[in-house]
Amino acid sequence: MGSITNPTSIPQSIREASGHLLHLKSSPPSIKVVPRSRGDMRRRVMAPEGRSEPKLIHGEAGYALEDVPLLTDYIPSLPKYPNPLQKNPAYSAVKQNFVNVDDSVAQKIVVHKNSPRGTHFRRAGPREWVYFDSDEVHACVVTCGGLCPGLNTVIRELVCGLSHMYGVTRILGIEGGYKGFYACNTIPLTPKSVNDIHKRGGTILGTSRGGHDTSKIVDSIQDRGINQVYIIGGDGTQKGASVIFEEIKRRGLKVAVVGIPKTIDNDIAVIDKSFGFDTAVEEAQRAINAAHVEAESVENGIGFVKLMGRYSGFIAMFATLASRDVDCCLIPESPFYLEGKGGLFEFIEKRLKENGHMVLVVAEGAGQELISESMRSKDHKDASGNKQLLDIGLWLSEKIKDHFSSKKSKMSINLKYIDPTYMIRAIPSNASDNVYCTLLAHSAIHGAMAGYTGFTVGPVNNRHAYIPFYRVTEEQNKVVISDRMWARLLSSTNQPSFLTEKDIEEANKKEEPPAHKFKEESHHDHHHDVLRVGDNGAADSSNL
């Protein structure tokens, strides 16, 4: 790919050539591992047409850095400027103002004695030199996808951080998600205008799903003279951000594209957790507590709560562990069955006989395979391409009522169904998430000012890092049912696992024990690459 050093010289024909809608569900780059000689510190990568090759740097003891793009990768000879933080009074007492250029963060913090050091990511934080003069920065912020506690906090801290740390005065808010770049108004954002927005739920910029026309978005960015783009959203949004970055790079524009990962389900890979998750779990406690009060107040009472979790059951799992009042938790990752020995109906009857009441929590994506084929045939998708799930809560509550009202059962029950699905995501973030959102926003700003682009920011083993887009979009973070955290939940609720021997075998295949991985790695020739880009980057909950 040739470098275009003068963005103003790009002909209109190039901008019109990419007017089609780019598909956001494209697969991640395929990696080809090849032998290398001593001193060759890079792995050769086969990247699909139109996508950048990942920057992979190798060192001694199996060290592998998955680096993020820098503006100078495709615009050489960019001028550098001293970081204005050097003169910022707020940082005058800081012992070390700037992050060392070689600092990196390990994806796996627990390693075997003789194993390679593994995958690392570039550490987030301010750099001594930046590639943007504060007066030239024209930034924009956009929120996409569903709501999540903390969205307004991130917006506020992006605006205040750019203004107070780097003296940036031109910041735009893009209204209505991606389509807002070309279909809606923009609003100027200042520290004064965003001063108290963190006290509100939702997003002051509005949001939407879909509306991603890459050419129109980049045209708008170019026409408005925007050179820093901060995109807040989930995995679908980050895929869109990746495509926007690729088009900006193709046009040779000096524009930093930064993603801030957002999902209430905590299903974004690599990072420790997503913002808003702690708030969601805390709010879910209110629904569980209400279900418990209802259940214990009547004979054979069942409090049934449905929580968010399309493909990942983290909210349901952590809310259950935190509550201590839940008798059974059902999540998408762990299959269950209703009838027969060891089934859900048998367990409910047993628990009611023991305690006189019970609380059941289910994630919205659990048990979809149990719903009839005629209902599942309605395979609708939303504007983001997500499959619209059937309501497991209503379906399962009716199944439970039908079972205990049938002639097979001589037990009458009193079931109360509570669905706080949208309530837990529409509230302001709590103290923990507010602090986390501040760190995310500041890390994103430092990266953009330092010329990094095409990356998502987030904590990896409790250290903020810059992560290539493809790493957070290639797979979703899910509860590992062969992990000790899920075992802790089963022990806490004293519920059956509902797993067959086949289910256990499949779970073990998906997540091999670390000892097996170390053994395999030790047999590799040290002159060959051993990094597995497909490894799940989620924090190992066994260490908790």
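The analysis underlying the following values was restricted to heavy atoms, covering all of them including side chains, and did not include hydrogens, waters or symmetry mates. Predicted model, so just to flag it, every value in this text is computed and none were measured.
Aromatic ring centres of H446 and Y166 lie closer together than 6.0 Å. Between H120 and Y63, the distance from one ring center to the other falls under 6.0 angstrom.
N88 places a side-chain N or O within donor-acceptor distance of the main-chain N or O of H164, the cut-off being under 3.5 Å. N152 contributes a side-chain N or O that, together with a main-chain N or O of G202, makes up a donor-acceptor pair within less than 3.5 Å. Judged by distance alone, the side chain of N461 and the main-chain N or O of Q107 form a donor-acceptor pair under 3.5 Å. The backbone N or O of F245 lies less than 3.5 Å from no partner atom in the side chain of T453, so there is not a single donor-acceptor pair. Remark: the backbone N or O of D267 is not paired with any side-chain donor or acceptor of D265 at under 3.5 angstrom. A donor-acceptor pair under 3.5 Å links the side-chain atoms of K254 to the main chain of Y131, judged by distance alone. Under the 3.5 Å distance criterion, the side-chain polar atoms of Y452 are left unmatched by any main-chain donor or acceptor of L71. When atom types are taken as modelled, the side chain of T473 and the backbone of F469 share a donor-acceptor pair closer than 3.5 angstrom. Listed for the T203 side chain is a donor-acceptor partner under 3.5 Å among the backbone atoms of L205. Side-chain atoms of Q222 never come within 3.5 Å of backbone atoms of D219 as a donor-acceptor pair (strictly under, hydrogens ignored).
Counting heavy atoms from C-beta on, the side chains of V168 and S163 never come closer than 4.5 Å. Looking at heavy atoms from C-beta onward, S208 lies out of side-chain contact with Y178 at the 4.5 angstrom threshold. Contact of the I171 side chain with the T190 side chain is not registered, since no non-hydrogen atoms from C-beta on lie closer than 4.5 Å. A 4.5 Å side-chain heavy-atom check between T143 and I174 finds every atom pair outside the cut-off.
Closest approach of P261 to T456, counting heavy atoms only: CD-CG2, 3.4 Å. Heavy-atom minimum distance, Q86 versus N97: CA-ND2, 4.5 Å. The nearest pair of heavy atoms linking T153 to S429 is OG1-OG, 3.3 Å. When all heavy atoms are compared, the tightest approach of V255 to Q228 is CG1-N, 4.4 Å. Between E333 and Y311 the shortest heavy-atom distance is OE2-O, 3.4 Å. Between I467 and I271, the shortest heavy-atom contact is CD1-CG2, 3.7 Å.
Cation-pi geometry between K239 and Y470 is not satisfied (NZ or CZ under 6.0 Å from the ring centre, within 45° of the ring normal).
Here K262 contributes atom NZ and D235 contributes atom CG; the two are 9.5 Å apart, rounded to the nearest 0.5 Å. Summarising the geometry, atom CD1 belonging to I221 is positioned 6.0 Å from atom SG belonging to C140; distances are rounded to the nearest 0.5 Å. N100 contributes atom CG, which lies 7.0 Å from atom CD of Q96 (distance to the nearest 0.5 angstrom). Interatomic distance, I197 CD1 to E157 CD, rounded to the nearest 0.5 Å: 9.0 Å. Expressed to the nearest 0.5 Å, how far CD1 of I155 lies from SG of C437 amounts to 10.0 Å.
Using a 4.0 Å cut-off between charged nitrogen and carboxylate oxygen, R251 and E247 count as a salt-bridge pair. A salt bridge links K273 with D278; the closest basic N to acidic carboxylate O contact falls under 4.0 Å. A salt bridge links R471 and E66; the closest N-O separation between the charged side-chain nitrogens and carboxylate oxygens is under 4.0 Å.
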Run F277 and F318 through ring-ring contact (aromatic ring centres under 6.0 Å, His included) and show every step you take. CA-CA 10 Å; F277 177 71; F318 277 84; 5.6 Å; yes

Give the C-alpha distance, both sets of side-chain angles, the deciding distance and a yes or no for side-chain contact (heavy atoms from CB on, under 4.5 Å) between N83 and E128. CA-CA 5 Å; N83 194 318; E128 186 174 2; 5.7 Å; no

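R123 meets the side-chain contact (heavy atoms from CB on, under 4.5 Å) test with V99, D103, V105, R463; sequence neighbours excluded. Not a single side-chain contact (heavy atoms from CB on, under 4.5 Å) links P188 to another residue, sequence neighbours left out.
The aromatic rings of F455 and Y466 sit tilted relative to each other, their planes meeting at an angle between 30° and 60°.
Around CG of D196, the count of heavy atoms belonging to other residues, nucleotides or ligands within 6.0 Å exceeds 12.
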